[in-house]
*Asks:* 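Here's a structure for you.
Fair warning: this is a prediction, and the values are worked out from it, not measured in the lab.
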Amino acid sequence: MTMVSVTGGHTLPIPPSPMDYASTASVKQIHGALAAHHHRHMWIITGPAGCGKSTVAQYVAKELSIPYIEGDDYHSDSNKQKMSQGSPLTDIDRWDWLITLREAAVARLSPSKRSANKRHDGVVVTCSALKRKYRDVIRIAAYNDHDVMVHFIYLRADADVLLARVTGRKGHYMKSAMVRSQMEALEEPDATEQGRDVLEVDCGASLTQVQQEAVRTVREVLADDQ
């Protein structure tokens, strides 16, 4: 099993790709017949400050009629204070936040929340997930429960676009300096991740186009899970 190193010298297991599950767990043998497996999908809308995570995530959640979780709500007060002062968060600052956010998302995917008239259950979550090891923390949800499939919708944009958007915000704690620090920390998903569970959407287009593209991308994945 692959392990990922985290702050303090500890390691965590990295779950197999959801695509690995698709070949073995997409069907169940029931009384000699093959029956479709019911996956629960966790859609993580990712990217640096200014990429439109919240707006896109809310739109996707509304279109799919599934719950929405705002990742920033799960930051500690000390984290929010640091960000409002323009101080970048450290790995230690982010670690408990990532775990708490993952557990909150899994809770919304509880079997007790399933709807009998829906084939696909899911939750939409905003999370910057700037580094691969941060994304790996979220991936643990799929390792712990093979019914769960984790997908990252990476909203990609140039730094100039992100800075312009954040500068135009009024009263938001995320300042332009934070965009620069997040771009410096950003580890864009490479080919191995994109071939696994990361889907990229160009957020340099208009908001309407980005929202529609995100929903189209999600629906394509759901269609493949029929």
*Asks:* Looking only at non-hydrogen atoms, find the nearest pair between Ala141 and Val148 and report the distance.
*Replies:*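 Heavy atoms only, the tightest pair is O-CB, 4.0 Å.
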
*Asks:* How far does CG of Leu101 sit from CD1 of Ile44, to the nearest 0.5 angstrom?
*Replies:*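 So the CG of Leu101 and the CD1 of Ile44 are separated by 6.5 Å.
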
*Asks:* Just jot down the salt bridge (charged side-chain N to carboxylate O under 4.0 Å, His left out) partners of Lys62, sequence neighbours excluded, or say none.
*Replies:*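 If we apply the salt bridge (charged side-chain N to carboxylate O under 4.0 Å, His left out) test to Lys62, skipping adjacent residues, there are no hits.
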
*Asks:* Closer than 3.5 angstrom, by distance alone: can the side chain of Lys53 be matched with the main-chain N or O of Gly47 as a donor-acceptor pair?
*Replies:*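 Present.
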
*Asks:* Is there a side chain to side chain contact (heavy atoms under 4.5 Å, CB included) between Val56 and Leu155 once you walk through the steps?
*Replies:* CA-CA 9 Å; Val56 172; Leu155 303 182; 4.0 Å; yes

*Asks:* Considering all heavy atoms of both residues, which atom of Val150 and which atom of Arg139 are nearest to each other, and what is their separation?
*Replies:*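 In terms of heavy atoms, the two residues are closest at CG2-CA, 4.5 Å.
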
*Asks:* Sequence neighbours left out, what passes side-chain hydrogen bond (donor to acceptor under 3.5 Å, both in side chains) with Glu70? Give chain and number order.
*Replies:*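 With neighbours one apart ignored, the set is Ser54, Tyr68, Thr126.
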
*Asks:* If you round to the nearest 0.5 Å, how far is OG of Ser76 from CD of Gln81?
*Replies:*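 The CD atom of Gln81 sits 9.5 Å away from the OG atom of Ser76.
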
*Asks:* Would you say the side-chain atoms of Gln211 pair up with the backbone N or O of Tyr59, donor to acceptor, closer than 3.5 Å?
*Replies:*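 Checking the backbone N and O of Tyr59 against the side chain of Gln211, no donor-acceptor pair under 3.5 Å is found.
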
*Asks:* Listed by chain and number, what are the side-chain hydrogen bond (donor to acceptor under 3.5 Å, both in side chains) partners of Thr90, not counting sequence neighbours?
*Replies:*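 Result, side-chain hydrogen bond (donor to acceptor under 3.5 Å, both in side chains) vs Thr90: Asp93.
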
*Asks:* Mind listing the closest non-hydrogen atom pair of Asp225 and His39 along with its distance?
*Replies:*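 The answer is OD1-ND1, 2.8 Å.
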
*Asks:* Go through it in stages, so that I can follow the logic: the residues are Ile138 and Met42, the test is side chain to side chain contact (heavy atoms under 4.5 Å, CB included), and I'd like the CA-CA distance, side-chain angles, deciding distance and then a yes or no.
*Replies:* CA-CA 10 Å; Ile138 304 297; Met42 188 183 298; 4.1 Å; yes

*Asks:* For Leu64 and Val124: C-alpha separation, side-chain torsions, deciding distance, then whether side chain to side chain contact (heavy atoms under 4.5 Å, CB included) applies.
*Replies:* CA-CA 9 Å; Leu64 271 63; Val124 182; 5.8 Å; no

*Asks:* Are Ser206 and Thr208 close enough, and set up right, to give a side-chain hydrogen bond (donor to acceptor under 3.5 Å, both in side chains), and what steps lead you there?
*Replies:* CA-CA 5 Å; Ser206 70; Thr208 298; 5.0 Å; no

*Asks:* Around atom CG of Asp77, are there more than 12 heavy atoms from other residues, nucleotides or ligands closer than 6.0 Å?
*Replies:*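 Check fails, neighbour count at 12 or below.
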
*Asks:* Which word best sums up how the rings of Trp43 and His41 line up, parallel for under 30°, tilted for 30 to 60°, or perpendicular for over 60°?
*Replies:*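 Parallel, since the angle between the ring planes stays under 30°.
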
*Asks:* Side chains of Thr217 and His151: closer than 4.5 Å at any heavy-atom pair?
*Replies:*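 Result no, sub-4.5 Å side-chain heavy-atom pair not found.
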
*Asks:* Roughly how far, to the nearest 0.5 Å, is CE of Met83 from NE2 of His75?
*Replies:*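 Going from NE2 on His75 over to CE on Met83, the span is 4.0 Å.
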
*Asks:* Tell me which pairs pass salt bridge (Lys or Arg N to Asp or Glu O under 4.0 Å) where either residue lies in residues 206-222, with sequence neighbours left out.
*Replies:*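 Of all non-adjacent pairs touching residues 206-222, those that pass salt bridge (Lys or Arg N to Asp or Glu O under 4.0 Å) are Glu213-Arg216, Arg216-Glu220.
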
*Asks:* Could you please spell out the steps behind the side chain to side chain contact (heavy atoms under 4.5 Å, CB included) verdict for Glu63 and Val218?
*Replies:* CA-CA 10 Å; Glu63 288 295 302; Val218 168; over 6 Å; no

*Asks:* Between Asp145 and Asp147, which heavy-atom pair has the shortest distance, and what is it?
*Replies:*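 Distance-wise, the nearest heavy atoms are OD1-N, 2.9 Å.
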
*Asks:* Could you tell me the separation between the CG atom of Leu186 and the NZ atom of Lys131, rounded to the nearest 0.5 Å?
*Replies:*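 The NZ atom of Lys131 is 10.5 Å from CG of Leu186, to the nearest 0.5 Å.
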
*Asks:* Residues in side-chain contact (heavy atoms from CB on, under 4.5 Å) with Glu103, at least two apart?
*Replies:*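 In terms of side-chain contact (heavy atoms from CB on, under 4.5 Å), with neighbours along the sequence ignored, Glu103 is linked to Ile99.
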
*Asks:* Write down the atom of Gly122, the atom of Pro67, and the distance for their closest heavy-atom approach.
*Replies:*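 Taking every non-hydrogen atom into account, O-CD, 3.2 Å.
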
*Asks:* Can you sort out the partners of Arg135 under salt bridge (charged side-chain N to carboxylate O under 4.0 Å, His left out), two or more places apart, ordered by chain and number?
*Replies:*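 If we apply the salt bridge (charged side-chain N to carboxylate O under 4.0 Å, His left out) test to Arg135, skipping adjacent residues, the hits are Glu193.
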
*Asks:* Of all residues at least two apart in sequence or in a different chain, which pass the side-chain contact (heavy atoms from CB on, under 4.5 Å) check with Pro88?
*Replies:*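 Partners of Pro88 by the side-chain contact (heavy atoms from CB on, under 4.5 Å) criterion, ordered by chain and then number, come out as Ser181.
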
*Asks:* If I compare all heavy atoms of Lys82 with all of Leu89, which pair ends up nearest, and what's the gap?
*Replies:*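 Taking Lys82 first and Leu89 second, the nearest heavy atoms are CB-CD2, 4.1 Å.
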
*Asks:* Which residues pass the side-chain hydrogen bond (donor to acceptor under 3.5 Å, both in side chains) test with Tyr134, not counting sequence neighbours?
*Replies:*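 So Tyr134 forms a side-chain hydrogen bond (donor to acceptor under 3.5 Å, both in side chains) with Asp91.
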
*Asks:* To the nearest 0.5 Å, how far apart are CG in Leu199 and OG1 in Thr46?
*Replies:*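 It is 10.0 Å, given to the nearest 0.5 Å.
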
*Asks:* First locate atom NZ of Lys133, then atom CH2 of Trp95, and finally report the distance between them rounded to the nearest 0.5 Å.
*Replies:*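 Going from NZ on Lys133 over to CH2 on Trp95, the span is 6.0 Å.
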
*Asks:* My understanding is that only residues two or more places apart in sequence, or in another chain, count here; which of them pass salt bridge (charged side-chain N to carboxylate O under 4.0 Å, His left out) with Asp190?
*Replies:*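 Once residues adjacent in sequence are excluded, the partners of Asp190 under the salt bridge (charged side-chain N to carboxylate O under 4.0 Å, His left out) criterion are Arg132.
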
*Asks:* Return the set of residues passing side-chain hydrogen bond (donor to acceptor under 3.5 Å, both in side chains) with Tyr154 (not counting sequence neighbours), or none when no residue passes.
*Replies:*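 Partners of Tyr154 under the side-chain hydrogen bond (donor to acceptor under 3.5 Å, both in side chains) test: Glu188.
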
*Asks:* Can you name the salt bridge (charged side-chain N to carboxylate O under 4.0 Å, His left out) partners of Glu184, sequence neighbours left out?
*Replies:*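 Not a single residue meets the salt bridge (charged side-chain N to carboxylate O under 4.0 Å, His left out) criterion with Glu184.
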
